[in-house]
Each structure stands twice: as C-alpha cells, then as structure tokens.
Amino acid sequence: MIKFISVWEEDDAVVVRTKRENLYIEYEWYFCIRRDDAKKHREFLLDLRGVEKFEDDKTGWIRVYVPYLERQKTISAVKSMMPTFEADLKLWQRWVTDEDCELEMNQSVLYFDIETDDRTPGIEPGRDQIVSIAAIGSDDKEHYFYDIKSEKKVLNGFVNLATKYDILAGWNSQSFDLVAIAKRCKLHKVPFDFWVADQAHKDLGGLDSVRRAGKYIAKSKSINSIDLMMKLKEMRYRDTEMIKQVRSFGLNAVAKLLLGKEKVDHTGKSIWHLATKEPKLLREYNMQDVRLTKEIDENQKIIQQKLVEHHICNARLNDYTSSGRIDPYALRAAKRFGMRLPSKPDRVIEEEAKDDDDDYEGGYAFDPVKGLHDNVSVFDFASLYPSIIKTFNISIDSHKGHKSTHKAHSDCITLPTGECFSKSKKGIIPLILDEVLSSRDQIRHVEMKKVKKDSPEYWNLHYKQYSFKVLANSMYGIMGASFSRYFKRELAEGITLTGQHLIKDLWVWMQREGHVPIYGDTDSIFVKLKKGSDEEDVSKEADKKLDKEIKRFGVKENFLHFSFEKTYTKFISVAKKKYSGVAADGSEKTMGLELKRREVLPKAEEWQRDLLKMLLKESHTEADFIIWAREKQKFVHDGKLTQADITYQKKLSREIEDYGKVSRKTGRQTPTPAHVKVAMRLRDQGAVGDDKMSAYSQGSYIQYIVVSDEDGIEAVHPSEFNGKYSKSYYMEKCYSPSQRVLEACFPSHPWDQYAREPKQKKVKSRASSPDVGESDVHVQSILAPKNIQKGGSDLARERRAARRKIRKEKRAQTD
DNA sequence: CTGCCCATCGTCTGC
DNA sequence: TGGCAGACGATGGGCAGC
C-alpha cells in the first residue's frame with residue numbers, strides 16, 4: 001500500500017510524493033471498450049494504428065494500450081466507431097484507480113501569510129514587492145522572512161521552508177498570497193512549483209457565486225495547498241447568519257466572530273511605513289495574521305475535515321471540485337464491480353454546440369395556501385433522490401431506453417416518464433450508492449458507538465460519515481451536469497420527475513384521506529391533519545400507500561420512505577419557498593423570507609422579524625397590525641431612518657468588466673445593477689479594501705445608498721453621501737417585505753397604502769363609516785396586481801416547459 | 001411623449 | 001465547471017393611448 005501526499009505526472013511517468021520520497025513510476029496507460037463492440041469491429045481495430053496491445057480483462061471489457069503521449073488520434077478514431085470508457089483519464093488517474101494506494105492522512109501543515117509594498121493604490125497580486133512572509137508549522141515552529149532590500153532572499157527562505165511541509169495553508173492564499181509568491185518567484189527566477197490561472201473572463205457555468213474564487217488562482221501539481229478562507233466559505237456558504245456578520249470572509253471579521261480575537265491594529269500606518277520604519281510592528285502584524293489563520297483552522301477543524309473527505313474518496317487534496325472527489329471513488333468502485341465508466345464527453349465549443357439539449361425539469365413546488373395557519377404538520381422523504389436512484393435502479397449502464405422505442409419485457413422497471421431500467425442487473429450508480437450509504441450506516445451505528453463521545457476519534461468518524469453522506473447526495477447533481485461522465489438527460493430528468501410523481505401522488509392521497517395539504521416543495525408536504533389523527537399513524541399509512549404506488553412500476557425493493565417530521569403550532573405561508581413557523585416547544589424556523597437574505601435592508605429585516613413575532617407568538621387582531629403599519633409609515637415619513645438603516649450591501653458576483661455585456665441570447669445590452677455602477681466609479685478613484693481583497697472585485701460587497709429613484713436608481717457610496725435620500729424609495733423597501741406577510745395573513749385589507757407617504761388631505765371618512773362596498777373595491781384593486789403577479793410566475797414555468805417541449809420535438813426530428 | 005406590460009438579467013434563496 | 005424552481009428588484013424595448 002502506497003500512501004500518497006500528492007500524485008501527478010511528468011511526461012509518461014507517474015510521480016508519487018510520499019512521506020519518505022518521490023517515486024517515479026513508468027506506467028502503461030490504457031482505455032477500455034466493450035468486448036461486444038470489439039468483436040463487431042474486429043477488422044477496424046486490427047487495422048488501427050498506434051495501439052500497443054489489446055487485453056481482455058475477463059469482465060466484458062477490452063483494454064486498449066496506447067502510448068500515453070500519442071493517445072489522442074487513436075482515441076478519436078475509436079470514438080467514431082464505438083463508445084469508449086475511461087479514455088479521458090490522465091496517467092496519474094489511471095494509476096490511482098488501479099493501484100493499491102490511498103491519500104496520506106498524516107500530513108504536516110505550514111500556515112503562512114505575506115505582506116507587500118502598498119504604496120501603489122489598488123490590488124493586483126504580484127505587482128508589488130513582497131516585504132515579509134510569516135509562517136507557523138503544525139509543529140508550532142515560527143518562521144519569519146523579512147528583507148526589503150532583497151525580495152529574492154525572502155522568497156528563497158520561504159520556498160525552502162515550504163518543501164519541508166506537506167500542505168501550505170493560508171487565508172485567501174489561493175487568490176492572493178500564492179499568486180503573488182508565484183509571480184515574484186518567476187521574476188527572480190526562484191523555482192517554485194505553482195502557476196497562475198487567470199480566470200477573470202471564464203464562464204464558470206453553474207458554479208454558485210458564493211463558491212467562486214477570485215480573478216487569479218494559484219495552482220500546483222506537486223504541492224498541496226489549502227485556502228482556509230475558501231474552504232470556510234464553502235462549508236458555510238448557506239449560513240446566512242454568519243455571512244451577514246463576516247460578509248466577504250475577511251480574516252479580521254472571521255477571527256473576531258469565531259475566536260473573539262483581532263488582527264494587530266496599524267491604522268494610519270501603511271505596510272511600507274512599517275516595513276521601513278517599524279519592522280518589529282510589521283513582524284507582529286504579519287505573525288498575528290498567521291496565528292489567527294492557524295487558530296481558525298484548529299477551531300473549525302477545516303484541514304482535518306478535508307483530509308477525511310478526500311481520504312474516503314481517494315482524491316488528491318488539490319482536487320476539491322465535486323467531480324474531483326467523486327471520480328476517484330467511482331472509478332475504483334466500478335472496477336471492483338467489474339465495470340468501467342464512460343469517457344467524459346468531449347468539451348463542446350461554446351457557441352455552436354450549446355443547443356440547450358442538456359437542461360431539464362426539476363422538483364415540483366406546490367402553490368401554497370397563503371396565510372396564517374394553526375397546527376401544520378410536515379412530512380417528507382428521507383434523501384429523495386438517492387432513494388429513487390436505488391429503488392428504480394437508475395444508472396447509465398442499466399438504462400434500456402424509452403418504453404416507446406424499446407421492447408418491454410418482464411425484466412423492466414419503468415419510470416413514470418417511460419424510461420426503462422433493468423430489474424435483474426444492478427447498475428453501477430445504485431451499486432456505488434449502496435456501498436456509500438452502508439459505509440455511512442456502519443460508521444454511524446457501529447463504529448461511532450465504540451468510541452468516547454466528543455473524543456478526537458469520535459469527530460473523525462463523524463466527519464467520515466458526513467463525507468459519505470455528501471458523496472451520496474452529490475451523485476444526482478453530477479448525473480445532471482452535462483460535462484460529467486455520469487450525465488444522461490433522461491436519467492437526471494427521470495429522477496426529478498419520478499420525485500414529482502410521488503409527491504403529487506401523496507398530496508392527492510392526503511386530500512382523499514380528509515387532510516388539508518397547504519404547501520410542499522420537491523420532497524415535502526405541509527398539511528393540516530384531519531381532527532383526531534395521529535401523525536405517526538398518518539406517516540405509516542402514507543408509507544404503505546407509497547409502497548403500493550411504487551410497486552406498480554415493477555421495482556424489486558423499495559428504499560423510499562415518507563415520514564413525519566414535525567408540527568408547527570403556528571405557521572405562515574407567504575409564497576413558494578417563503579414561510580415561517582413555530583413549534584410547540586417554541587422553536588422557530590424561517591425559510592426564504594427577506595429576513596434570511598443577506599442583501600436585505602437591516603430595517604426591513606427588523607420589521608419583518610418584529611411582525612412575525614407578533615403573528616406567531618402573540619395574539620393580535622387585524623386592527624393592531626394596522627396601527628403597527630401606520631407607525632412604520634410615520635417613522636419613515638418623520639425622517640427617522642439612520643444611515644445604517646438605508647445602506648445596502650450587495651455582492652459583486654463577478655468582475656466589474658463582466659457586467660453590462662451584450663446578451664448572446666437576445667442581442668441586447670444587459671442592465672448594469674446600481675451597486676456595480678457605484679463600484680465602477682469608486683474603483684476608478686483608486687480606493688482599496690483590506691485583507692488583500694480588492695474592495696471592487698469579484699466577491700466583495702458594495703455598500704450603497706439610493707439618493708433618487710426618479711429616472712432609474714441613482715446610488716452613491718456612504719462616503720459620497722450628503723444626507724439626502726429618497727424617502728419614497730426607502731418607505732417602499734423597508735415596508736414591502738412586511739407588506740407581503742400582512743397581505744398573506746389578512747388579504748382583505750389594502751396594506752399597500754402604508755408603503756406610500758401618508759395623504760396630506762384627509763381621507764374621505766373611511767374610518768368613521770366603513771363602507772363594505774368600498775372596502776371590497778379596495779380589496780379588488782390590491783388583489784388584482786397580486787393575481788397578475790402569481791399568474792406571471794406560473795406563466796414563467798409554463799414558458800420554460802414549452803421551450804423544453806420544442807427542444808424535445810427538435811430532438812425527435814433529428815433522431 | 002407617457003405610462004404600462006413584459007421579457008430578461010442579476011442575486012439569492014429552497015430543496 | 002453538481003442540478004432546477006422561484007421570488008423579487010431593476011432595466012429597457014414595445015406598444016397603446018394621449
């Protein structure tokens with residue numbers, strides 16, 4: 001067994017770095033074809049040039065050995081005749097898949113941080129001289145390199161030290177420190193195995209903006225590096241509470257939140273000043289940053305978790321993407337099961353090939369019954385998509401085609417969509433899921449029981465079982481990703497539409513049983529149970545009904561379970577994906593509402609929170625809420641909003657230059673958001689941020705205040721603010737999140753009136769003699785636009801479906 | 001010319 | 001380079017009505 005720290009290739013040799021040495025291994029590369037295909041195309045294959053040998057591996061596959069560096073032509077030729085398998089693998093991937101090896105868990109870490117000459121405004125990693133580098137090892141040894149006369153000496157010192165450790169870890173190091181070090185090393189001809197990828201204008205596809213890295217990324221094949229800022233961002237990317245507190249995940253903000261510690265203050269003194277005049281303070285400042293970085297890691301166990309996660313997948317530490325972790329696991333698992341995985345699809349040329357063939361319908365969200373409800377019980381599926389894959393045997397290799405084109409017989413599981421899968425031969429993806437999920441159960445139910453709770457072993461096992469869970473849940477995701485080897489639209493859509501079928505079926509069943517479902521999304525149903533029914537009984541009955549439904553499709557074993565989760569004593573539904581509830585024990589849960597969103601005005605959040613508390617935890621009448629709304633209206637009108645109340649913080653999800661481009665689809669110029677306009681202006685004035693993150697590049701948050709909304713939004717930065725803001729605009733913005741909640745709960749009152757300035761003229765004695773007829777007219781007038789809006793969102797869904805249908809027909813024509 | 005409808009983009013969330 | 005659904009804000013083209 002070889003334990004690798006890192007593994008890469010040099011020409012046609014695999015290089016393996018272990019604790020003791022670097023191994024150079026000359027390794028033969030191959031790809032696979034099906035034995036049946038090989039028989040069919042025997043002549044073609046025998047004539048094929050560039051093949052060293054064919055080898056039958058006795059499990060139905062032929063290995064085609066090809067000289068690694070000249071493989072492309074041969075692969076293309078074979079691909080034109082038959083499907084290939086694992087032909088995209090790099091040499092080192094072949095090695096990791098086939099050999100007895102695993103990721104080394106015992107890796108030493110060097111935490112580090114650099115300081116640069118900051119006399120030139122703006123942030124451009126690598127442009128300025130590195131004046132110092134501080135580092136602390138996982139062995140607690142401290143190192144400091146400082147020399148303003150010779151940057152080369154600083155670099156040499158650091159590079160030599162770095163080779164003695166297995167992992168380099170820093171804060172924002174992948175987008176800044178390592179980029180700068182790599183560039184300055186190149187300048188001084190100091191050998192350091194990192195290169196810089198400029199991905200400013202790269203289309204990052206579906207990657208969530210929160211998880212995107214900066215403009216530059218430093219990469220290495222031989223040296224492991226972990227950017228703790230990026231990892232923490234990834235781990236917490238949906239923790240809105242934390243994000244609101246730390247925003248861009250600057251070191252100071254995070255250290256303050258997690259450790260209660262801060263950076264060394266050097267307000268008013270530049271790094272260059274410290275470097276030239278106060279070197280002791282520079283050292284202290286630089287070293288403190290490293291200490292904080294190391295402590296955050298120890299506190300959050302980031303590297304430990306990553307090591308566990310990569311270890312169970314047998315993935316390299318530097319391959320942190322989903323497929324980078326899934327592939328090594330799946331390739332090895334497939335081989336154990338006597339299977340080979342399809343080659344990755346050839347990279348398509350953006351412009352022409354993108355014919356939307358790869359998008360498909362997802363989960364189903366029921367139209368909610370809006371308003372305040374009592375006693376709402378929630379039922380849901382446990383891991384819906386993995387369970388569907390297992391139950392219906394959904395896999396690339398078990399797929400037999402659509403029932404309309406494929407002769408159905410008894411060995412068939414047919415999805416509601418009509419796609420057929422083998423009943424007798426388990427597919428590779430369900431096999432992998434079985435293995436992953438049973439590994440997880442083994443850890444949770446056996447191994448974790450054997451160790452002391454909260455001990456280091458306990459936490460290691462916890463991370464391990466969690467990694468297995470993540471791995472299982474990622475399988476559906478990559479089956480729906482058109483660039484992955486697991487992709488097939490019919491399978492991904494088969495999974496989601498089967499989910500739709502099952503949840504809709506249960507919804508109707510609930511109604512027939514006399515219960516009143518009020519909302520549901522993808523895998524859940526929120527329901528007001530019939531008087532006197534017991535949640536657990538309903539759960540059992542639902543499960544029975546579900547089992548019956550599923551057996552109709554010819555499945556062998558049902559892994560799906562629909563069970564009771566909790567009951568809200570009070571529950572408010574505002575819109576799809578937006579609700580709030582409180583349980584009998586007082587615990588609250590709010591989803592999707594504005595108060596959870598990070599770009600919302602603090603005042604709007606405060607008011608909505610206030611309102612929900614009144615609705616869920618206290619008893620008030622409609623009249624109380626009218627008074628409440630009038631108070632808020634008056635508050636804004638009297639000019640009581642503070643500057644903090646009206647300051648927005650929105651994120652640049654890409655580089656400034658990439659906004660306002662002409663849309664390829666419509667040929668029209670896309671609008672530039674207000675915060676981007678502010679960022680452009682400020683950047684041109686040369687302002688900078690802290691923590692070595694430019695304040696005006698991808699990922700930073702931009703503060704702005706709206707000063708006019710007469711002719712489009714006119715916004716300024718707080719530093720440019722003269723105290724005059726648009727009252728009408730902020731009245732709207734602070735109140736409307738609450739307005740929507742009130743409209744949901746009391747639909748007959750015209751709540752929109754409080755979003756405007758109070759009328760100067762006295763309103764025609766509405767209060768003294770409330771005229772029912774007139775009130776109805778008002779109700780109509782506020783309901784009307786709402787209905788249109790709702791119709792609009794339904795329309796959007798229908799239009800999407802229509803577009804998909806057209807594409808489907810097109811496909812049918814070309815087939 | 002003005003105001004409204006509507007499609008689209010951008011951001012961020014739910015699952 | 002995991003997926004889709006959906007809410008909501010902002011913008012600008014198209015169009016009806018003045």
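Computed from a predicted model, the values in this text were never measured in an experiment. Side-chain atoms are counted along with the backbone in the values below, which use heavy atoms only and exclude waters and symmetry mates. Here is the naming used below: chain letters follow the sequence lines, and residue numbers restart at 1 for every chain.
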Give a yes or no on whether a donor-acceptor pair under 3.5 Å exists between the nucleobase atoms of B:dG14, that is its base, and the side chain of A:Lys577.
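Yes, the side chain and the base share a sub-3.5 Å donor-acceptor pair.
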Please list all pairs passing the salt bridge (Lys or Arg N to Asp or Glu O under 4.0 Å) test where one or both residues lie in residues 382-393 of chain A, with sequence neighbours left out.
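Listed once each, the pairs are A:Lys390-A:Asp434.
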Report the nucleotide, chosen from [options], that has the shortest atom-to-atom distance to any side-chain atom of [X].
{"X": "A:Arg238", "options": "C:dA7, B:dT13, C:dG9", "result": "B:dT13"}
{"X": "A:Phe483", "options": "B:dG14, B:dT13, C:dG3", "result": "C:dG3"}
{"X": "A:Lys733", "options": "B:dC15, C:dG2, C:dA10", "result": "C:dA10"}
{"X": "A:Ala365", "options": "C:dC4, C:dA5, C:dT1", "result": "C:dA5"}
{"X": "A:Glu599", "options": "C:dG6, B:dC12, C:dA10", "result": "B:dC12"}
{"X": "A:Glu594", "options": "C:dA5, B:dC12, C:dC8", "result": "C:dC8"}
{"X": "A:Thr321", "options": "B:dT13, C:dG2, C:dC8", "result": "C:dG2"}
{"X": "A:Tyr237", "options": "C:dA10, B:dT11, C:dG2", "result": "C:dG2"}
{"X": "A:Arg597", "options": "B:dC12, B:dC15, C:dG3", "result": "B:dC12"}
{"X": "A:Ser736", "options": "C:dA5, C:dT11, C:dG9", "result": "C:dG9"}

Is the phosphate of [N] approached by [X] (side-chain N or O, under 4.0 Å from OP1 or OP2)?
{"X": "A:Tyr360", "N": "C:dG2", "answer": "no"}
{"X": "A:Arg485", "N": "C:dT1", "answer": "no"}
{"X": "A:Tyr729", "N": "C:dA10", "answer": "yes"}

Partners passing ring pair (Phe, Tyr, Trp, His ring centres under 6.0 Å) against A:Tyr725 (at least two apart in sequence or in another chain)
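Residues passing ring pair (Phe, Tyr, Trp, His ring centres under 6.0 Å) with A:Tyr725: A:Tyr730.
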Qualifying residues under ring pair (Phe, Tyr, Trp, His ring centres under 6.0 Å), relative to A:Phe571, sequence neighbours excluded:
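Expected list: A:Phe526, A:Tyr568, A:Tyr579.
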In chain order, what residues pass the side-chain hydrogen bond (donor to acceptor under 3.5 Å, both in side chains) check against [X], with sequence neighbours excluded?
{"X": "A:Arg332", "value": "none"}
{"X": "A:Asn393", "value": "none"}
{"X": "A:Lys650", "value": "A:Tyr704"}
{"X": "A:Glu594", "value": "A:Lys578, A:Gln608, A:Arg740"}

For DNA chain C, what dot-bracket results from Watson-Crick or G-U pairs at under 3.5 Å, with [ ] for crossers and | for inter-strand partners?
..|||||||||||||||.
Under 4.0 Å from any atom of DNA chain C, heavy atoms only: list the residues of residues 379-388 of chain A that qualify, in numerical order.
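Per residue number, the list is empty: none.
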So, are A:Lys677 and A:Glu714 salt-bridged, with charged N and O less than 4.0 Å apart?
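Salt bridge between A:Lys677 and A:Glu714, a charged N being under 4.0 Å from a carboxylate O: no.
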Between [N] atom [atom2] and [X] atom [atom1], what is the distance in whole Å?
{"X": "A:Asp521", "N": "C:dG3", "atom1": "CG", "atom2": "C1'", "answer": "14 Å"}
{"X": "A:Arg598", "N": "C:dA7", "atom1": "CZ", "atom2": "P", "answer": "19 Å"}
{"X": "A:Ile525", "N": "B:dG14", "atom1": "CD1", "atom2": "P", "answer": "20 Å"}

Crowded around A:Lys469 NZ? As in, over 12 foreign heavy atoms under 6.0 Å?
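Open.
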A:Phe562 side chain reached by A:Ile503 side chain, heavy atoms, under 4.5 Å
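Yes - at least one pair of side-chain heavy atoms lies under 4.5 Å apart.
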